[in-house]
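Lettering of chains follows the sequences in order, A, B, ..., and the numbering in each one begins at 1.
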Protein chains: 2
Amino acid sequence: MSINYKKPSVMVDIAIFTLHEKTLKVLLVKRGIPPFQDHWALPGGGVRVDQEASIFDKTLEDAAKRELLEETGAKTHYLEQLRTYGSDSRDPREWTVSVAYFALLPYAAIQVQSGSDAADARWWSIKDNRVPVQLAFDHQQILHDAIQRLQAKVEYTAIAVHLLPNAFTLTELQRTYEYLLEAKLDKSSFRRRVHNAGIVKIIPGQFREGSNRPAQLYCFAKKTQKNVFFPRSADRNLG
Amino acid sequence: MSINYKKPSVMVDIAIFTLHEKTLKVLLVKRGIPPFQDHWALPGGGVRVDQEASIFDKTLEDAAKRELLEETGAKTHYLEQLRTYGSDSRDPREWTVSVAYFALLPYAAIQVQSGSDAADARWWSIKDNRVPVQLAFDHQQILHDAIQRLQAKVEYTAIAVHLLPNAFTLTELQRTYEYLLEAKLDKSSFRRRVHNAGIVKIIPGQFREGSNRPAQLYCFAKKTQKNVFFPRSADRNLG
DNA sequence: TTGACTTAGTGTTGAAATTCAACTAACATT
DNA sequence: AATGTTAGTTGAATTTCAACACTAAGTCAA
(Lines give C-alpha, C1' and ligand atoms only; values in the text may rest on other atoms or scores of the structure.)
Protein backbone atom coordinates (compact mmCIF):
# COMPACT_ATOMS: atom_id res chain seq x y z
CA MET A 1 0.00 0.00 0.00
CA SER A 2 0.89 3.61 -0.48
CA ILE A 3 1.67 4.05 3.18
CA ASN A 4 5.35 3.57 2.57
CA TYR A 5 5.47 5.71 -0.52
CA LYS A 6 6.60 9.29 -0.76
CA LYS A 7 3.68 11.59 -0.01
CA PRO A 8 2.55 14.86 -1.54
CA SER A 9 1.71 17.86 0.64
CA VAL A 10 -1.98 18.51 1.07
CA MET A 11 -3.43 22.01 1.29
CA VAL A 12 -6.86 23.52 1.55
CA ASP A 13 -7.60 26.71 -0.37
CA ILE A 14 -10.83 28.69 -0.25
CA ALA A 15 -12.47 31.12 -2.60
CA ILE A 16 -14.52 33.28 -0.24
CA PHE A 17 -17.17 35.27 -2.07
CA THR A 18 -19.41 38.07 -1.04
CA LEU A 19 -21.58 40.65 -2.75
CA HIS A 20 -20.93 44.31 -2.07
CA GLU A 21 -21.77 47.45 -4.00
CA LYS A 22 -23.52 45.43 -6.69
CA THR A 23 -20.35 43.45 -7.38
CA LEU A 24 -19.16 39.96 -6.68
CA LYS A 25 -15.97 40.07 -4.61
CA VAL A 26 -13.44 37.50 -3.52
CA LEU A 27 -11.15 37.64 -0.51
CA LEU A 28 -7.43 37.39 -1.32
CA VAL A 29 -4.36 37.49 0.89
CA LYS A 30 -0.92 38.82 0.05
CA ARG A 31 1.70 36.17 0.60
CA GLY A 32 4.35 37.13 3.17
CA ILE A 33 6.78 34.35 2.34
CA PRO A 34 8.16 32.57 -0.75
CA PRO A 35 7.31 31.10 -3.10
CA PHE A 36 5.25 33.81 -4.80
CA GLN A 37 6.10 36.28 -2.03
CA ASP A 38 4.03 39.49 -2.35
CA HIS A 39 1.71 37.80 -4.82
CA TRP A 40 -1.98 37.67 -4.01
CA ALA A 41 -3.44 34.24 -3.35
CA LEU A 42 -6.53 32.47 -2.15
CA PRO A 43 -6.54 31.99 1.62
CA GLY A 44 -5.41 28.52 2.56
CA GLY A 45 -2.88 26.35 4.23
CA GLY A 46 -1.76 22.85 5.03
CA VAL A 47 -4.09 20.27 6.47
CA ARG A 48 -3.00 19.50 10.03
CA VAL A 49 -2.95 15.76 10.52
CA ASP A 50 -0.66 15.46 13.54
CA GLN A 51 -2.82 14.40 16.44
CA GLU A 52 -0.22 15.59 18.93
CA ALA A 53 0.00 19.10 17.52
CA SER A 54 -1.87 22.09 18.89
CA ILE A 55 -3.89 22.41 15.70
CA PHE A 56 -5.50 19.21 14.44
CA ASP A 57 -8.06 18.83 11.65
CA LYS A 58 -10.28 15.77 11.89
CA THR A 59 -11.53 16.19 8.34
CA LEU A 60 -10.77 18.20 5.22
CA GLU A 61 -13.89 20.25 5.81
CA ASP A 62 -12.71 21.05 9.32
CA ALA A 63 -9.50 22.38 7.83
CA ALA A 64 -11.48 24.55 5.43
CA LYS A 65 -13.69 25.86 8.22
CA ARG A 66 -10.62 26.66 10.29
CA GLU A 67 -9.10 28.67 7.46
CA LEU A 68 -12.37 30.46 6.87
CA LEU A 69 -12.66 31.40 10.53
CA GLU A 70 -9.03 32.55 10.73
CA GLU A 71 -9.47 34.75 7.69
CA THR A 72 -12.91 36.24 8.16
CA GLY A 73 -13.80 35.73 11.81
CA ALA A 74 -17.16 34.49 10.54
CA LYS A 75 -18.87 31.26 11.32
CA THR A 76 -19.59 29.24 8.18
CA HIS A 77 -22.64 30.28 6.19
CA TYR A 78 -22.12 28.25 3.05
CA LEU A 79 -19.14 26.07 2.30
CA GLU A 80 -18.88 23.67 -0.59
CA GLN A 81 -16.03 21.61 -1.93
CA LEU A 82 -15.05 22.81 -5.40
CA ARG A 83 -12.49 20.34 -6.72
CA THR A 84 -8.99 19.12 -6.06
CA TYR A 85 -5.86 20.19 -7.89
CA GLY A 86 -2.74 18.10 -7.76
CA SER A 87 0.42 17.90 -9.84
CA ASP A 88 4.18 18.01 -9.67
CA SER A 89 4.30 21.49 -11.17
CA ARG A 90 1.75 23.65 -9.40
CA ASP A 91 4.17 24.39 -6.56
CA PRO A 92 7.82 24.89 -7.52
CA ARG A 93 8.97 23.11 -4.36
CA GLU A 94 7.26 19.76 -4.59
CA TRP A 95 4.25 17.63 -5.59
CA THR A 96 1.24 19.24 -3.92
CA VAL A 97 -2.45 18.59 -3.67
CA SER A 98 -4.85 21.44 -3.03
CA VAL A 99 -8.41 20.71 -2.07
CA ALA A 100 -10.30 23.83 -3.07
CA TYR A 101 -13.51 25.02 -1.43
CA PHE A 102 -15.73 27.94 -2.05
CA ALA A 103 -17.66 29.87 0.54
CA LEU A 104 -20.44 32.43 0.41
CA LEU A 105 -20.94 35.03 3.11
CA PRO A 106 -23.10 38.12 3.54
CA TYR A 107 -20.84 41.16 3.46
CA ALA A 108 -22.01 42.36 6.85
CA ALA A 109 -20.99 39.10 8.55
CA ILE A 110 -17.32 39.51 7.79
CA GLN A 111 -14.50 41.17 9.60
CA VAL A 112 -11.45 40.69 7.38
CA GLN A 113 -8.42 39.63 9.39
CA SER A 114 -4.87 38.95 8.36
CA GLY A 115 -3.82 35.40 9.09
CA SER A 116 -0.37 34.52 10.32
CA ASP A 117 1.16 33.88 6.90
CA ALA A 118 -0.55 36.79 5.23
CA ALA A 119 0.92 40.25 5.12
CA ASP A 120 -2.37 41.70 3.99
CA ALA A 121 -5.90 40.69 3.11
CA ARG A 122 -8.66 42.44 1.18
CA TRP A 123 -11.66 42.07 -1.10
CA TRP A 124 -11.13 42.12 -4.85
CA SER A 125 -13.90 42.83 -7.34
CA ILE A 126 -14.51 40.22 -10.00
CA LYS A 127 -14.73 41.49 -13.56
CA ASP A 128 -15.00 39.25 -16.61
CA ASN A 129 -14.63 36.17 -14.43
CA ARG A 130 -11.29 37.21 -13.05
CA VAL A 131 -9.50 39.50 -10.71
CA PRO A 132 -7.20 42.27 -12.03
CA VAL A 133 -4.01 40.92 -10.51
CA GLN A 134 -1.72 37.96 -11.05
CA LEU A 135 -2.24 35.22 -8.49
CA ALA A 136 0.16 32.77 -6.89
CA PHE A 137 0.38 29.11 -7.90
CA ASP A 138 -2.58 27.99 -10.04
CA HIS A 139 -4.97 30.12 -8.04
CA GLN A 140 -6.13 32.00 -11.11
CA GLN A 141 -7.37 28.66 -12.43
CA ILE A 142 -9.00 27.72 -9.12
CA LEU A 143 -10.69 31.09 -8.87
CA HIS A 144 -11.93 30.78 -12.43
CA ASP A 145 -13.40 27.35 -11.70
CA ALA A 146 -15.00 28.66 -8.53
CA ILE A 147 -16.68 31.53 -10.36
CA GLN A 148 -17.91 29.14 -13.04
CA ARG A 149 -19.35 26.83 -10.42
CA LEU A 150 -21.00 29.70 -8.58
CA GLN A 151 -22.59 31.09 -11.72
CA ALA A 152 -23.76 27.67 -12.83
CA LYS A 153 -25.36 26.99 -9.46
CA VAL A 154 -27.00 30.39 -9.36
CA GLU A 155 -28.98 29.35 -12.40
CA TYR A 156 -30.63 26.30 -10.91
CA THR A 157 -30.38 26.53 -7.13
CA ALA A 158 -31.18 28.88 -4.29
CA ILE A 159 -27.50 29.39 -3.52
CA ALA A 160 -27.67 33.18 -3.74
CA VAL A 161 -29.58 33.46 -0.48
CA HIS A 162 -26.33 32.80 1.34
CA LEU A 163 -25.01 36.14 0.16
CA LEU A 164 -27.85 37.95 1.88
CA PRO A 165 -28.46 38.60 5.58
CA ASN A 166 -30.91 36.41 7.49
CA ALA A 167 -33.90 38.53 6.58
CA PHE A 168 -34.36 39.96 3.10
CA THR A 169 -37.03 41.12 0.68
CA LEU A 170 -37.80 39.41 -2.60
CA THR A 171 -36.59 42.46 -4.47
CA GLU A 172 -33.24 42.25 -2.68
CA LEU A 173 -33.04 38.58 -3.60
CA GLN A 174 -33.84 39.40 -7.22
CA ARG A 175 -31.16 42.11 -7.32
CA THR A 176 -28.66 39.59 -5.98
CA TYR A 177 -29.46 37.19 -8.79
CA GLU A 178 -29.27 40.01 -11.31
CA TYR A 179 -25.83 41.12 -10.18
CA LEU A 180 -24.53 37.55 -10.22
CA LEU A 181 -26.01 36.68 -13.59
CA GLU A 182 -25.40 40.11 -15.07
CA ALA A 183 -28.90 40.09 -16.50
CA LYS A 184 -32.25 41.67 -15.79
CA LEU A 185 -34.94 39.30 -14.56
CA ASP A 186 -38.67 39.74 -14.85
CA LYS A 187 -40.26 40.49 -11.52
CA SER A 188 -43.31 38.30 -11.73
CA SER A 189 -41.46 35.38 -13.28
CA PHE A 190 -38.84 35.61 -10.63
CA ARG A 191 -41.38 35.60 -7.84
CA ARG A 192 -43.29 32.70 -9.34
CA ARG A 193 -40.14 30.57 -9.47
CA VAL A 194 -39.04 31.50 -5.98
CA HIS A 195 -42.44 30.59 -4.60
CA ASN A 196 -42.76 27.36 -6.57
CA ALA A 197 -39.33 26.29 -5.45
CA GLY A 198 -40.19 26.89 -1.83
CA ILE A 199 -36.75 28.26 -1.09
CA VAL A 200 -37.95 31.12 1.11
CA LYS A 201 -40.38 31.54 3.98
CA ILE A 202 -42.32 34.63 4.99
CA ILE A 203 -41.29 36.08 8.33
CA PRO A 204 -44.79 36.93 9.56
CA GLY A 205 -45.36 40.53 10.52
CA GLN A 206 -41.89 41.72 9.57
CA PHE A 207 -41.42 44.32 6.87
CA ARG A 208 -38.68 46.47 5.44
CA GLU A 209 -39.81 50.07 5.90
CA GLY A 210 -38.90 53.01 3.71
CA SER A 211 -40.40 55.99 2.01
CA ASN A 212 -42.71 53.74 0.06
CA ARG A 213 -44.76 50.61 0.38
CA PRO A 214 -43.18 48.31 3.01
CA ALA A 215 -41.82 45.01 1.72
CA GLN A 216 -42.39 41.60 3.26
CA LEU A 217 -39.26 40.12 4.82
CA TYR A 218 -38.34 36.52 4.04
CA CYS A 219 -35.82 34.04 5.34
CA PHE A 220 -34.22 31.01 3.76
CA ALA A 221 -36.35 27.84 4.02
CA LYS A 222 -33.92 25.12 4.97
CA LYS A 223 -35.73 22.31 3.16
CA THR A 224 -33.08 20.71 1.00
CA GLN A 225 -35.12 21.27 -2.10
CA LYS A 226 -33.17 20.24 -5.13
CA ASN A 227 -32.94 21.55 -8.64
CA VAL A 228 -36.06 23.59 -8.41
CA PHE A 229 -35.06 27.05 -9.30
CA PHE A 230 -34.04 28.41 -12.64
CA PRO A 231 -34.20 32.03 -13.78
CA ARG A 232 -34.71 31.13 -17.37
CA SER A 233 -34.64 34.59 -18.87
CA ALA A 234 -30.98 34.86 -17.94
CA ASP A 235 -30.25 32.44 -20.79
CA ARG A 236 -31.25 34.81 -23.48
CA ASN A 237 -29.96 38.06 -22.05
CA LEU A 238 -26.52 36.64 -21.40
CA GLY A 239 -26.19 35.00 -24.79
CA MET B 1 4.54 26.33 5.43
CA SER B 2 3.07 22.88 5.59
CA ILE B 3 6.12 21.36 3.98
CA ASN B 4 7.54 20.39 7.32
CA TYR B 5 4.29 19.11 8.75
CA LYS B 6 3.17 15.54 8.97
CA LYS B 7 1.45 14.55 5.73
CA PRO B 8 -1.60 12.46 5.03
CA SER B 9 -1.53 9.67 2.45
CA VAL B 10 -3.19 10.54 -0.85
CA MET B 11 -5.14 7.97 -2.87
CA VAL B 12 -7.17 8.00 -6.04
CA ASP B 13 -10.36 5.89 -6.18
CA ILE B 14 -12.58 5.45 -9.22
CA ALA B 15 -16.20 4.49 -9.64
CA ILE B 16 -16.21 2.89 -13.07
CA PHE B 17 -19.71 2.62 -14.52
CA THR B 18 -21.12 0.79 -17.47
CA LEU B 19 -24.56 -0.21 -18.71
CA HIS B 20 -25.26 -3.87 -19.36
CA GLU B 21 -28.47 -5.89 -19.53
CA LYS B 22 -30.55 -2.76 -18.92
CA THR B 23 -28.77 -2.12 -15.63
CA LEU B 24 -26.19 0.34 -14.39
CA LYS B 25 -23.14 -1.52 -13.11
CA VAL B 26 -20.03 -0.55 -11.22
CA LEU B 27 -16.66 -2.27 -11.21
CA LEU B 28 -15.45 -3.40 -7.77
CA VAL B 29 -12.32 -5.24 -6.69
CA LYS B 30 -11.94 -7.63 -3.79
CA ARG B 31 -9.17 -6.52 -1.48
CA GLY B 32 -6.37 -9.03 -1.08
CA ILE B 33 -4.70 -7.36 1.89
CA PRO B 34 -5.72 -5.70 5.16
CA PRO B 35 -7.36 -3.49 6.15
CA PHE B 36 -10.77 -4.66 4.97
CA GLN B 37 -9.23 -7.81 3.48
CA ASP B 38 -11.79 -9.73 1.39
CA HIS B 39 -14.10 -6.71 1.34
CA TRP B 40 -15.12 -5.28 -1.99
CA ALA B 41 -13.86 -1.81 -2.81
CA LEU B 42 -13.63 0.78 -5.55
CA PRO B 43 -10.49 0.35 -7.65
CA GLY B 44 -7.80 2.76 -6.57
CA GLY B 45 -4.41 3.24 -5.09
CA GLY B 46 -1.81 5.70 -3.94
CA VAL B 47 -0.71 8.65 -6.04
CA ARG B 48 2.90 8.09 -7.09
CA VAL B 49 4.85 11.29 -6.51
CA ASP B 50 8.41 9.95 -6.42
CA GLN B 51 10.10 11.13 -9.56
CA GLU B 52 12.79 8.46 -9.21
CA ALA B 53 10.34 5.56 -9.01
CA SER B 54 9.31 3.38 -11.94
CA ILE B 55 5.74 4.65 -11.72
CA PHE B 56 5.32 8.42 -11.55
CA ASP B 57 2.10 10.42 -11.84
CA LYS B 58 2.51 13.99 -13.05
CA THR B 59 -1.04 14.89 -12.06
CA LEU B 60 -3.95 13.51 -10.09
CA GLU B 61 -5.79 12.82 -13.31
CA ASP B 62 -2.83 10.85 -14.61
CA ALA B 63 -3.05 8.69 -11.52
CA ALA B 64 -6.75 8.11 -12.13
CA LYS B 65 -6.14 7.24 -15.78
CA ARG B 66 -3.42 4.82 -14.75
CA GLU B 67 -5.74 3.02 -12.33
CA LEU B 68 -8.47 2.92 -14.94
CA LEU B 69 -6.16 1.40 -17.49
CA GLU B 70 -4.76 -1.14 -15.02
CA GLU B 71 -8.24 -2.24 -14.05
CA THR B 72 -10.11 -2.26 -17.35
CA GLY B 73 -7.48 -2.32 -20.05
CA ALA B 74 -9.52 0.42 -21.70
CA LYS B 75 -8.39 3.82 -22.81
CA THR B 76 -10.33 6.59 -21.10
CA HIS B 77 -13.75 7.34 -22.56
CA TYR B 78 -15.11 9.64 -19.90
CA LEU B 79 -13.40 10.56 -16.66
CA GLU B 80 -14.53 13.23 -14.25
CA GLN B 81 -13.40 14.21 -10.80
CA LEU B 82 -16.14 13.54 -8.25
CA ARG B 83 -14.94 14.95 -4.94
CA THR B 84 -12.29 14.43 -2.32
CA TYR B 85 -12.71 12.61 0.97
CA GLY B 86 -10.27 13.13 3.80
CA SER B 87 -10.34 12.48 7.52
CA ASP B 88 -8.49 10.80 10.35
CA SER B 89 -11.07 8.00 10.55
CA ARG B 90 -11.77 6.74 7.05
CA ASP B 91 -8.73 4.47 7.12
CA PRO B 92 -7.98 2.74 10.45
CA ARG B 93 -4.25 3.15 9.91
CA GLU B 94 -3.84 6.86 9.41
CA TRP B 95 -5.11 10.20 8.12
CA THR B 96 -5.88 9.64 4.43
CA VAL B 97 -7.15 11.69 1.53
CA SER B 98 -8.95 10.02 -1.35
CA VAL B 99 -9.57 11.92 -4.55
CA ALA B 100 -12.53 10.15 -6.11
CA TYR B 101 -13.23 10.04 -9.83
CA PHE B 102 -15.97 8.50 -11.85
CA ALA B 103 -15.65 6.98 -15.28
CA LEU B 104 -18.12 5.88 -17.94
CA LEU B 105 -17.33 3.15 -20.44
CA PRO B 106 -19.27 1.20 -23.04
CA TYR B 107 -19.56 -2.38 -21.84
CA ALA B 108 -17.97 -3.77 -24.99
CA ALA B 109 -14.81 -1.67 -24.51
CA ILE B 110 -13.86 -3.33 -21.25
CA GLN B 111 -11.81 -6.38 -20.46
CA VAL B 112 -11.92 -6.66 -16.66
CA GLN B 113 -8.48 -7.37 -15.26
CA SER B 114 -7.37 -7.99 -11.74
CA GLY B 115 -4.82 -5.47 -10.61
CA SER B 116 -1.89 -6.32 -8.45
CA ASP B 117 -3.56 -5.65 -5.10
CA ALA B 118 -6.88 -7.14 -6.08
CA ALA B 119 -7.73 -10.79 -5.56
CA ASP B 120 -10.74 -10.47 -7.81
CA ALA B 121 -12.66 -7.94 -9.87
CA ARG B 122 -16.19 -7.95 -11.26
CA TRP B 123 -19.21 -5.87 -12.19
CA TRP B 124 -21.92 -5.27 -9.60
CA SER B 125 -25.45 -4.20 -10.47
CA ILE B 126 -26.72 -1.03 -8.85
CA LYS B 127 -30.14 -1.27 -7.23
CA ASP B 128 -31.71 1.51 -5.18
CA ASN B 129 -28.55 3.61 -5.52
CA ARG B 130 -26.34 1.01 -3.90
CA VAL B 131 -24.62 -2.29 -4.36
CA PRO B 132 -25.75 -5.37 -2.38
CA VAL B 133 -22.50 -5.85 -0.47
CA GLN B 134 -20.61 -4.04 2.24
CA LEU B 135 -17.73 -1.99 0.94
CA ALA B 136 -14.34 -1.17 2.40
CA PHE B 137 -13.51 2.21 3.95
CA ASP B 138 -16.10 4.89 3.12
CA HIS B 139 -16.53 3.54 -0.39
CA GLN B 140 -20.27 3.05 0.08
CA GLN B 141 -20.47 6.82 0.60
CA ILE B 142 -18.26 7.55 -2.39
CA LEU B 143 -20.26 5.21 -4.60
CA HIS B 144 -23.49 6.80 -3.43
CA ASP B 145 -22.18 10.27 -4.27
CA ALA B 146 -21.00 9.04 -7.67
CA ILE B 147 -24.41 7.61 -8.53
CA GLN B 148 -26.08 10.83 -7.44
CA ARG B 149 -23.76 12.88 -9.62
CA LEU B 150 -24.28 10.58 -12.58
CA GLN B 151 -28.05 10.70 -12.32
CA ALA B 152 -28.04 14.46 -11.88
CA LYS B 153 -25.87 14.95 -14.95
CA VAL B 154 -27.97 12.61 -17.05
CA GLU B 155 -30.82 15.05 -16.65
CA TYR B 156 -29.12 18.05 -18.18
CA THR B 157 -26.18 16.83 -20.22
CA ALA B 158 -25.34 14.40 -22.98
CA ILE B 159 -23.22 12.30 -20.63
CA ALA B 160 -25.07 9.07 -21.39
CA VAL B 161 -23.51 8.81 -24.85
CA HIS B 162 -20.31 7.69 -23.19
CA LEU B 163 -22.01 4.46 -22.13
CA LEU B 164 -22.73 3.58 -25.74
CA PRO B 165 -20.38 2.37 -28.47
CA ASN B 166 -19.11 4.82 -31.09
CA ALA B 167 -22.10 4.28 -33.35
CA PHE B 168 -25.62 4.01 -31.99
CA THR B 169 -29.23 4.59 -32.93
CA LEU B 170 -31.46 7.19 -31.35
CA THR B 171 -33.63 4.45 -29.91
CA GLU B 172 -30.59 2.94 -28.22
CA LEU B 173 -29.70 6.35 -26.81
CA GLN B 174 -33.24 6.80 -25.53
CA ARG B 175 -33.22 3.37 -23.86
CA THR B 176 -29.97 4.31 -22.17
CA TYR B 177 -31.53 7.42 -20.70
CA GLU B 178 -34.59 5.44 -19.67
CA TYR B 179 -32.57 2.84 -17.81
CA LEU B 180 -30.52 5.50 -16.04
CA LEU B 181 -33.46 7.68 -15.12
CA GLU B 182 -35.78 4.75 -14.46
CA ALA B 183 -38.50 6.52 -16.40
CA LYS B 184 -40.15 6.27 -19.80
CA LEU B 185 -39.44 9.13 -22.16
CA ASP B 186 -41.60 10.30 -25.03
CA LYS B 187 -40.09 9.43 -28.38
CA SER B 188 -40.81 12.64 -30.22
CA SER B 189 -39.81 14.87 -27.32
CA PHE B 190 -36.62 12.94 -26.83
CA ARG B 191 -35.65 13.21 -30.47
CA ARG B 192 -36.48 16.91 -30.62
CA ARG B 193 -34.26 17.62 -27.61
CA VAL B 194 -31.39 15.52 -28.87
CA HIS B 195 -31.48 17.28 -32.21
CA ASN B 196 -31.83 20.77 -30.75
CA ALA B 197 -28.96 20.13 -28.39
CA GLY B 198 -26.73 19.06 -31.25
CA ILE B 199 -25.18 16.32 -29.20
CA VAL B 200 -25.19 13.74 -31.99
CA LYS B 201 -24.23 13.62 -35.66
CA ILE B 202 -25.61 11.39 -38.38
CA ILE B 203 -23.13 8.90 -39.75
CA PRO B 204 -24.12 9.19 -43.41
CA GLY B 205 -25.10 5.97 -45.10
CA GLN B 206 -24.74 3.82 -42.02
CA PHE B 207 -27.68 1.93 -40.59
CA ARG B 208 -28.40 -0.67 -37.97
CA GLU B 209 -30.00 -3.58 -39.87
CA GLY B 210 -32.52 -6.01 -38.45
CA SER B 211 -35.76 -7.73 -39.27
CA ASN B 212 -37.46 -4.37 -39.57
CA ARG B 213 -36.86 -0.89 -40.81
CA PRO B 214 -33.12 -0.06 -40.57
CA ALA B 215 -32.20 2.66 -38.11
CA GLN B 216 -29.88 5.57 -38.79
CA LEU B 217 -26.60 5.34 -36.91
CA TYR B 218 -25.31 8.38 -35.04
CA CYS B 219 -22.10 9.31 -33.29
CA PHE B 220 -21.34 11.75 -30.52
CA ALA B 221 -20.80 15.34 -31.72
CA LYS B 222 -17.83 16.59 -29.78
CA LYS B 223 -18.96 20.22 -29.63
CA THR B 224 -18.74 21.09 -25.97
CA GLN B 225 -22.35 22.11 -25.88
CA LYS B 226 -23.34 22.97 -22.35
CA ASN B 227 -26.51 22.58 -20.40
CA VAL B 228 -28.62 21.99 -23.40
CA PHE B 229 -30.31 18.75 -22.75
CA PHE B 230 -33.02 17.97 -20.27
CA PRO B 231 -35.52 15.12 -20.53
CA ARG B 232 -38.20 16.91 -18.64
CA SER B 233 -40.68 14.09 -18.48
CA ALA B 234 -38.36 12.31 -16.09
CA ASP B 235 -39.41 14.82 -13.43
CA ARG B 236 -42.87 13.52 -13.04
CA ASN B 237 -42.33 9.85 -13.51
CA LEU B 238 -39.59 9.69 -10.95
CA GLY B 239 -41.51 11.55 -8.26
C1' DT C 1 -56.40 66.32 2.43
C1' DT C 2 -54.82 65.53 -1.82
C1' DG C 3 -52.03 64.26 -5.43
C1' DA C 4 -47.33 63.07 -6.99
C1' DC C 5 -43.95 59.72 -6.38
C1' DT C 6 -41.85 55.31 -5.33
C1' DT C 7 -41.46 50.61 -4.61
C1' DA C 8 -44.20 46.09 -3.61
C1' DG C 9 -46.75 42.77 -5.45
C1' DT C 10 -50.48 40.56 -8.85
C1' DG C 11 -53.20 39.38 -13.31
C1' DT C 12 -53.48 38.66 -18.11
C1' DT C 13 -52.19 37.25 -22.49
C1' DG C 14 -49.85 35.49 -26.50
C1' DA C 15 -46.17 32.60 -27.78
C1' DA C 16 -43.41 28.75 -27.22
C1' DA C 17 -42.61 24.24 -25.44
C1' DT C 18 -44.37 19.66 -24.43
C1' DT C 19 -47.30 15.71 -24.43
C1' DC C 20 -50.07 12.34 -26.52
C1' DA C 21 -51.46 9.61 -29.96
C1' DA C 22 -51.99 8.57 -34.46
C1' DC C 23 -49.69 8.27 -38.56
C1' DT C 24 -46.35 6.81 -42.42
C1' DA C 25 -41.89 4.22 -43.69
C1' DA C 26 -38.95 0.33 -44.39
C1' DC C 27 -37.45 -3.74 -43.70
C1' DA C 28 -38.02 -9.39 -42.81
C1' DT C 29 -40.88 -13.27 -42.67
C1' DT C 30 -44.39 -16.21 -44.13
C1' DA D 1 -49.21 -9.74 -50.65
C1' DA D 2 -50.41 -9.88 -45.89
C1' DT D 3 -48.38 -9.48 -41.27
C1' DG D 4 -45.29 -8.00 -37.66
C1' DT D 5 -41.89 -5.00 -35.93
C1' DT D 6 -39.28 -1.12 -35.25
C1' DA D 7 -37.97 3.69 -37.27
C1' DG D 8 -39.26 8.03 -37.66
C1' DT D 9 -42.84 12.13 -38.40
C1' DT D 10 -46.83 14.98 -37.80
C1' DG D 11 -50.22 17.74 -35.65
C1' DA D 12 -53.76 18.89 -32.28
C1' DA D 13 -54.52 19.54 -27.25
C1' DT D 14 -52.38 21.06 -23.31
C1' DT D 15 -49.18 23.26 -20.31
C1' DT D 16 -45.70 26.54 -19.23
C1' DC D 17 -43.80 30.84 -19.07
C1' DA D 18 -41.90 35.63 -20.32
C1' DA D 19 -43.54 40.14 -21.11
C1' DC D 20 -46.12 43.76 -19.81
C1' DA D 21 -49.75 46.19 -17.68
C1' DC D 22 -51.93 46.62 -13.75
C1' DT D 23 -53.20 47.40 -8.56
C1' DA D 24 -51.51 48.21 -3.59
C1' DA D 25 -49.44 50.73 0.11
C1' DG D 26 -46.60 53.56 1.88
C1' DT D 27 -43.93 58.78 2.13
C1' DC D 28 -43.63 63.43 1.09
C1' DA D 29 -44.78 68.14 -0.20
C1' DA D 30 -48.00 71.63 -0.62
- prompt: Whole-Å distance between dT10(D) C1' and Lys187(B) NZ?
  reply: 12 Å

task: Examine the base of dA25(D) for any acceptor or donor lying under 3.5 Å from a partner atom in the side chain of Arg213(A), and report the outcome as yes or no.
output: no

task: Take atom CG of Asn166(B) as the centre, draw a 6.0 Å sphere, and report whether it contains more than 12 heavy atoms from other residues, nucleotides or ligands.
output: no

- request: Round to a whole Å and report the spacing from CZ of Arg191(A) to P of dT7(C).
  value: 14 Å

field: Heavy-atom closest pair, residues Leu82(B) and Asp145(B)
entry: CD1-O, 3.9 Å

- prompt: Any idea which of dC27(C), dA19(D), dA8(C) is nearest the Asn212(B) side chain?
  reply: dC27(C)

statement: From the candidates dA19(D), dT27(D), dT18(C), the one with an atom nearest any side-chain atom of Asp186(A) is dA19(D)

message: Starting the side chain at C-beta, find the nucleotide from dT9(D), dA8(C), dT27(D) nearest to Ala215(A).
response: dA8(C)

- request: Kindly say if Arg193(B) contacts the phosphate of dT19(C), meaning a side-chain N or O under 4.0 Å from OP1 or OP2.
  value: yes

statement: Residues His195(B) and Tyr218(B): closest non-hydrogen pair is NE2-OH, 3.7 Å

query: Is a side-chain donor or acceptor of Thr18(A) paired with a backbone partner of Leu105(A) at a separation under 3.5 angstrom?
result: yes

message: As a test of reading the structure: which of dT5(D), dT27(D), dA21(C) is closest to the side chain of Ser188(B), going by heavy atoms?
response: dA21(C)

field: Closest to the Ser189(A) side chain, choosing from dA18(D), dA21(C), dG11(C)
entry: dA18(D)

query: So what does Gln216(A) hit on the nucleic acid, given a heavy-atom distance under 4.0 Å: a base, only sugar-phosphate, or nothing?
result: sugar-phosphate

query: What is the distance from CZ of Arg175(A) to P of dT7(C), rounded to the nearest Å?
result: 9 Å

- request: Find the distance Asn196(A):CG to dT16(D):C1' and express it as a whole number of Å.
  value: 11 Å

Rounded distance (Å) that lies between atom C1' of dA7(D) and atom CD1 of Ile202(B): 13 Å

message: Is there a side-chain contact between Thr171(A) and the phosphate of dA8(C), meaning an N or O under 4.0 Å from OP1 or OP2?
response: yes

- request: To the nearest Å, give me how far apart CD (Gln174(B)) and C1' (dG8(D)) are.
  value: 12 Å

Atom-pair distance (CG on Leu170(B); P on dA25(C)), nearest Å: 19 Å

- request: With DNA chain D as reference, determine whether Glu172(B) or Ser211(B) sits nearer its 5' end, using the nearest nucleotide of each.
  value: Ser211(B)

- prompt: How many Å lie between CZ on Phe168(B) and P on dT6(D), as a whole number?
  reply: 20 Å

- prompt: So, is Arg192(B) close to the dA17(C) phosphate, meaning a side-chain N or O under 4.0 Å from OP1 or OP2?
  reply: no

- request: Test the Arg175(A)-Tyr179(A) pair against the cation-pi criterion, namely NZ or CZ under 6.0 angstrom from the six-membered ring centroid and within 45° of the ring axis.
  value: no

